[in-house]
There are 2 protein chains.
Amino acid sequence: MSRSTTPHGRTGRPRRTSRAEILEAARRLIDRDGWEKLTIRRLAGELGIGATTLYHHVRNKGDLLVQLLNDHAGQAERPTLPRDPRERVIAAATAMHDTLAAWPWAAEVLTTDGFLGLLDESALWTVETIVGGAIEAGRTPEQAVVAFRDIWYYTVGEILVRAHSGREQAQAESIPRHEIDFTRFDPARVPHLAAIADQWPALAAHDTYPQGLRALVDGLLFSECPGS
Amino acid sequence: MSRSTTPHGRTGRPRRTSRAEILEAARRLIDRDGWEKLTIRRLAGELGIGATTLYHHVRNKGDLLVQLLNDHAGQAERPTLPRDPRERVIAAATAMHDTLAAWPWAAEVLTTDGFLGLLDESALWTVETIVGGAIEAGRTPEQAVVAFRDIWYYTVGEILVRAHSGREQAQAESIPRHEIDFTRFDPARVPHLAAIADQWPALAAHDTYPQGLRALVDGLLFSECPGS
DNA sequence: ACCTGAACACCGTTCAAGT
DNA sequence: ACCTGAACACCGTTCAAGT
């Protein structure tokens, strides 16, 4: 009982670096320098410890990311869900989207079909809500799973495209981002692109996720002409 | 006229490494070792030249990928397009999808909103066809661009998720892919997931791109109850 | 039980020099 | 005009050793 500060009752050298400290430092690093800069070595530097010490707290870099992700998902607040199944599916998908959009690196980690196995329940309520809503809308469980995956594909695609677009000025353009030369379009070969050329940049700036989501949900779950 | 073998009429040391050779070696490397292994250094090794020599033919790694991508897109054959606008949009999106699915790294490169500026016309016909089809279906040019982008998000998401899932055995799982433990789902908290748990792996194996695409296209372009 | 430096096997990219 | 080795500033990860 003389060591009430070591809860596990372990003996030996007291740990100087906690899981919470590591995740906090990682978040600080991401917020300050961008998530591309989150490396094992830099994180160790941020913590003031040797790079190799980190491997006593984290299995590898992937493990670090998964821990960070679950922590992030756990902190996001759950919206109140509408009764109507269509609106409920949309609310859940939007919550999923917004949580990931705030931390685009998470989407990168989650581009894995087995990603479900890595999430804890604080993040899984979105999946549950979408599948449940689809079933309530009259789909079979199989169709509901397919609907979830299609919504997932759309969501992750939107986030990744936007995340990579956003790094424009942040990164010293490794892929040359020469402004799109729309005048180059040959009206004879690509007439619609040529006609729309000058409006494209303005249109590309819009956030079209919500409309696209509604279209996808309607097509997946309510294709028999919504008339209620 | 004494140097008809140097078409540009240049003088000096003849080039030993051509653009075609570089792209061919890169393809060989990708096919043999996987695209994660395509590095400037390995590619140079494959060609039997110094890594730094490559920088006389390629601006940087991003430039190499874009060249490879345009080359790949140029070789893909164009399907005959249906007259019906819905089927035409779907055919174009599917062609886009299939071309990228064969080379998933391309999708990674293309997760950039400015990607259009990097493609040449052999790849742009899909964009043109989708935008044109949407307009023919009665959408405004603005809506047509939004529709294209939503289809693009869905397509790129599907490919990236599948590409990263496929590396399961290829890569020494850096992110732990412990088989999803579906029994862990608490029926009280995630009832639908718990109920569907045992069927999930089988459902996840299915290719749902075509159905999802149809749903999205219907929702985007034909939401006013298709009854023709 | 916890932390460490040195080392391994890599990256992309630049620069001054060679032919 | 083309090609080169050496070097710079990084990676993730492992291992034997220290406290």
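Residue numbers begin at 1 in each chain, while the letters A, B, ... track the order of the sequences.
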Whole Å only: how far is the [atom1] atom of [X] from the [atom2] atom of [N]?
X	N	atom1	atom2	value
B/Leu54	D/dG5	CG	C1'	16 Å
A/Leu64	D/dC11	CG	C1'	15 Å
A/Leu38	D/dC11	CG	C1'	13 Å
A/Leu47	C/dC3	CG	P	11 Å
A/Glu36	D/dC11	CD	P	13 Å
B/Asn60	C/dT14	CG	P	8 Å
A/His56	C/dC3	NE2	P	8 Å
A/Lys61	D/dG12	NZ	P	5 Å

Partners meeting salt bridge (Lys or Arg N to Asp or Glu O under 4.0 Å) with A/Arg27 (sequence neighbours left out):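 If we apply the salt bridge (Lys or Arg N to Asp or Glu O under 4.0 Å) test to A/Arg27, skipping adjacent residues, the hits are A/Asp71.
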With the threshold set at under 4.0 Å for non-hydrogen atoms, list the residues of residues 26-33 of chain A touching DNA chain C in residue-number order.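 Correct list: empty, so none.
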[X]: which residues meet the side chain to side chain donor-acceptor pair (under 3.5 Å) condition with it, sequence neighbours left out?
X	answer
A/Thr208	B/Asp150
B/Glu142	B/Thr140
B/Ser122	B/Asp120

What's the gap between [N] and [M] when it is taken at their [atom1] atoms, as a whole Å value?
N	M	atom1	answer
D/dA9	C/dA9	P	23 Å
C/dC3	D/dA16	C1'	13 Å
D/dC10	C/dC8	C1'	15 Å

At their closest point, which heavy atom of B/Leu54 faces which heavy atom of B/Ile40, and how far apart are they?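 Closest approach of B/Leu54 to B/Ile40: CD2-O, 3.5 Å.
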Report the relative orientation of the aromatic rings in A/His72 and A/Trp103; use parallel for angles under 30°, tilted for 30 to 60°, perpendicular for over 60°.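 Correct class here is parallel.
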What side chain to side chain donor-acceptor pair (under 3.5 Å) pairs are there with at least one residue in residues 39-49 of chain A, not counting sequence neighbours?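 Matches after skipping sequence neighbours: A/Arg28-A/Glu46, A/Arg32-A/Glu46.
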Please determine whether a side-chain nitrogen or oxygen atom of A/His57 lies at a distance below 4.0 Å from atom OP1 or OP2 of C/dC2.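 For C/dC2, neither OP1 nor OP2 has a side-chain N or O of A/His57 closer than 4.0 Å.
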Just N and O in the side chain of B/Thr52: are any of them under 4.0 Å from OP1 or OP2 of D/dT4?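 No, because none of the side-chain N or O atoms of B/Thr52 sits under 4.0 Å from OP1 or OP2 of D/dT4.
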Any residue meeting side-chain contact (heavy atoms from CB on, under 4.5 Å) with [X], in chain and number order, not counting sequence neighbours:
X	value
A/Val190	A/Phe185, A/Leu193, B/Glu121, B/Glu128
A/Trp125	A/Arg78, A/Pro79, A/Leu81, A/Ala92, A/Ala95, A/Thr129
B/Asp98	B/Thr94
B/His97	B/Ala101, B/Thr155, B/Glu158, B/Ile159, B/Tyr209

Nearest to the A/Ile40 side chain among C/dG12, D/dT13, D/dT4, which nucleotide is it?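 That would be D/dT13.
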Side chain of B/Tyr55 only, please: which of D/dT4, D/dT13, C/dT14 is the nearest?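 Nearest listed nucleotide: C/dT14.
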Given Watson-Crick and G-U pairs under 3.5 Å, DNA chain C in dot-bracket ([ ] crossing, | other strand) is ||.|||||...|||||.||
Would you check if B/Leu220 and B/Ile151 make a side-chain contact, meaning some heavy-atom pair closer than 4.5 Å?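 Yes; the side chains approach each other to less than 4.5 Å.
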Considering only nitrogen or oxygen atoms on both sides, find all protein atoms under 3.5 Å from nucleotides 7-10 of chain C and state each distance.
none

